[in-house]
Amino acid sequence: MSTAALPRTTAGATALLAALVLAEVVSATEATMIYGAMRVLTRDFGNPVAVGWAITAFLLVAAGSAAVGSRLGDQFGRRRLLLISLVLAGAGSVLSALSDGAAGVIAGRALQGMAGAVLPLCFGLVREHLPADRVPFGVGVVAAAAFVSGGLGFVAGGLIVDHLHWSWIFIVGAGTAAVAWPAVRWGVPPDRESRRREPVDVLGVLLLLPAITALLLAPTQAKAWGWGDVRVWALVAAGALLLAVWVRHELRVESPLIDVRLLGRRQLLLANLAMMLLALGPMQSGIVLSTLLQQPAWTGAGLGLSATLAGLVQAPPMVLAVLVGPACGALALRRGARAPALLACGLLLLGWGGLLVAHAALPWVAAMALLKGLGLAAAFAAAPMLIVEASPAERTSETTGVSSVLRHVFNAIGSQLVALMLASSTVTDAAQGPARYPAPGALTLALAVVCGLAVAAVAVTWWLPRRHVAAVPVASPPTAVEAS
């Protein structure tokens, strides 16, 4: 049996999904493990601004690679681009591990950002190689891997720096990439050579990348510069202007980098709008819930838990996400991707709404955190299902890549908005030290805005087209070898 026939069998489909899960583990953990080392890196390098750029450099390159790399995969072979992305990400990990200064770590992190293309490429490969009735399940498995491994990356990063040198974070990242590469090489069928080769829209790339960079850099740097700084708004204006020029160019070019007209289809437009609303608020649990759980009880807006106990409160959804993703896939196969999307938004609204109503008792907070966490896991699975369901097979990675970029940008904006709301009113106690904490009114304001955004996301999702069966065609008919 040829490698191309593998996904037509249960063993082949399992090998494919296992390889893609390993690849996504590389992407997700490289994005999050660094957060566990921030305190130690700041201590060793003595420059918190430079250490912050270790985060920013990754985010900027990841957003750009998600948009451009995913489209190049659609054009020139998703497996080929996935293997290249893993090599570059692994090389970035090695560079950071061998560096003894902030500049080397930042350069390595930028190279690691090439892993941003991994997730949309994986979704495209699921669509390309699995039969139509297994695509929603496959998308759910890969999305669950992204959600769970991203959360575990935070935990693993903290454990590593508590017991080993910070360079081991990058050594682990390089090792994971070294395991994933051969898994993809042997578990994913070769790219079809019959794929239509279109010219690369070089001008589209040159316009889009700086536009994304400016729009991501503005909210990222606003924390240090302040929203009143002219540099922040200059970045916003420059990014918006470049984006407008890029859209005009894409509408005119014969072979666009991103098919802007395709993104205007009702399901794609509403799915991305819902994701943007969720990223602005309901996905900001890292800030809001951590504040509620760990802030001292004397402030009137916190439960005073240790970091370990706060982590345990938020752990159950991460574990259950392993089941949530495939379950959303099964639901999408029977009722269409709109059903799990509504379920996700509904759970998020219930969880955040419950916290808005009451957040003084730990059992209640834990229960609402579970609902919210399950909704978040379902949203991570349902969003790509909506995109895949409405996209042409040959542009699946492109459309899921654009959705990933939008989530990155609006998540960055949302984190700053939430931080501003929490800082709008503070309390302090001289007997407890000079630190200032969000006041009860500030926490209530943040929770109310998050709930309002969740309501808007439910409304947008409700207007999605109704599909009783997930309409995901197989990318191509079986080859002669497969048919035999």
Side-chain angles (χ1 to χ4, degrees), residues 7 13-34 58-59 61-63 65-67 69-70 73 78-90 92-93 112-130 134-157 172-188 318-319 321-326 328-329 376-385 387-388 396-397 400-401 403-405 407-408:
T14 301
L16 171 71
L17 290 177
L20 298 181
V21 164
L22 279 173
E24 182 47 35
V25 167
V26 175
S27 175
T29 54
E30 286 191 344
T32 58
M33 279 199 299
I34 184 70
F58 179 93
L59 291 176
V61 177
S65 65
S70 57
R78 300 177 181 113
R79 176 177 177 268
R80 182 179 294 115
L81 264 292
L82 180 56
L83 290 170
I84 292 172
S85 298
L86 290 173
V87 168
L88 293 174
S93 295
Q112 280 183 307
M114 296 303 295
V118 168
L119 187 58
L121 288 171
C122 287
F123 289 140
L125 286 164
V126 167
R127 174 80 174 275
E128 181 176 349
H129 293 297
L130 288 185
R134 297 165 95 176
V135 168
F137 174 81
V139 170
V141 169
V142 173
F147 184 82
V148 174
S149 55
L152 292 177
F154 284 100
V155 179
V172 170
T176 308
V179 172
W181 193 92
V184 171
R185 173 68 177 78
W186 297 108
V188 178
M318 191 186 305
V319 176
V322 176
L323 302 175
V324 171
C328 286
L376 190 57
F380 266 81
M385 290 176 194
I387 302 297
V388 170
T396 301
S397 292
T400 53
S403 180
S404 179
V405 172
R407 177 166 54 84
H408 278 301

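With hydrogens and angles ignored, the 3.5 Å screen pairs a side-chain donor or acceptor of Arg79 with a backbone N or O of Arg185.
In this structure Ala19 satisfies the side-chain contact (heavy atoms from CB on, under 4.5 Å) test together with Ala183, Val184, Val188, sequence neighbours excluded. Under the side-chain contact (heavy atoms from CB on, under 4.5 Å) criterion, Thr400 pairs with Pro120, Phe123, Ile387, Val388, sequence neighbours left out. Listed by chain and residue number, Ile212, Leu216 satisfy the side-chain contact (heavy atoms from CB on, under 4.5 Å) test with Ala63 (two or more places apart in sequence, or in another chain). Residues meeting the side-chain hydrogen bond (donor to acceptor under 3.5 Å, both in side chains) test with Thr176, sequence neighbours left out: none. Partners of Thr396 according to the side-chain hydrogen bond (donor to acceptor under 3.5 Å, both in side chains) rule, which considers only residues two or more places apart in sequence or in another chain, are Arg127. Taking the ring-ring contact (aromatic ring centres under 6.0 Å, His included) definition, one finds that Phe380 meets it with Phe147, sequence neighbours left out. Applying the side-chain contact (heavy atoms from CB on, under 4.5 Å) criterion to Ala382, with sequence neighbours excluded, gives Pro340, Ala341.
Smallest separation of non-hydrogen atoms from Leu130 and Val135: O-CG2, 3.8 Å. The shortest non-hydrogen separation linking Gly90 to Ala174 is O-CB, 4.1 Å. Across all their heavy atoms, Ser397 and Arg78 have their closest contact at OG-NE, 3.1 Å. When every heavy atom of Met385 is checked against every heavy atom of Gly325, the shortest pair comes out as CE-O, 3.8 Å. Nearest heavy-atom pair across Ser85 and Leu121 is OG-CD1, 4.2 Å. Residues Gly173 and Ser93 come closest through the heavy atom pair C-OG, 3.8 Å.
Here Leu16 contributes atom CG and Glu128 contributes atom CD; the two are 9.5 Å apart, rounded to the nearest 0.5 Å. A distance of 8.0 Å separates CE of Met33 from CD of Gln112, quoted to the nearest 0.5 Å. Atoms CG and CD, on Leu86 and Glu30 in that order, are 8.5 Å from each other to the nearest 0.5 Å. Of the inter-residue distances, the one linking Leu323 atom CG with Cys328 atom SG reads 11.0 Å to the nearest 0.5 angstrom. Expressed to the nearest 0.5 Å, how far OG of Ser65 lies from CG of Leu81 amounts to 10.5 Å.
Inter-residue side-chain proximity for Ser404 and Leu119 is flagged as unmet; no heavy-atom pair is nearer than 4.5 Å.
Under the side-chain contact (heavy atoms from CB on, under 4.5 Å) test applied with Leu20, the options Val118, Val25, Leu125 reduce to a single match, Leu125.
Looking only at atom types and distance, the side chain of Ser149 has no donor-acceptor partner in the side chain of Glu24 under 3.5 Å away.
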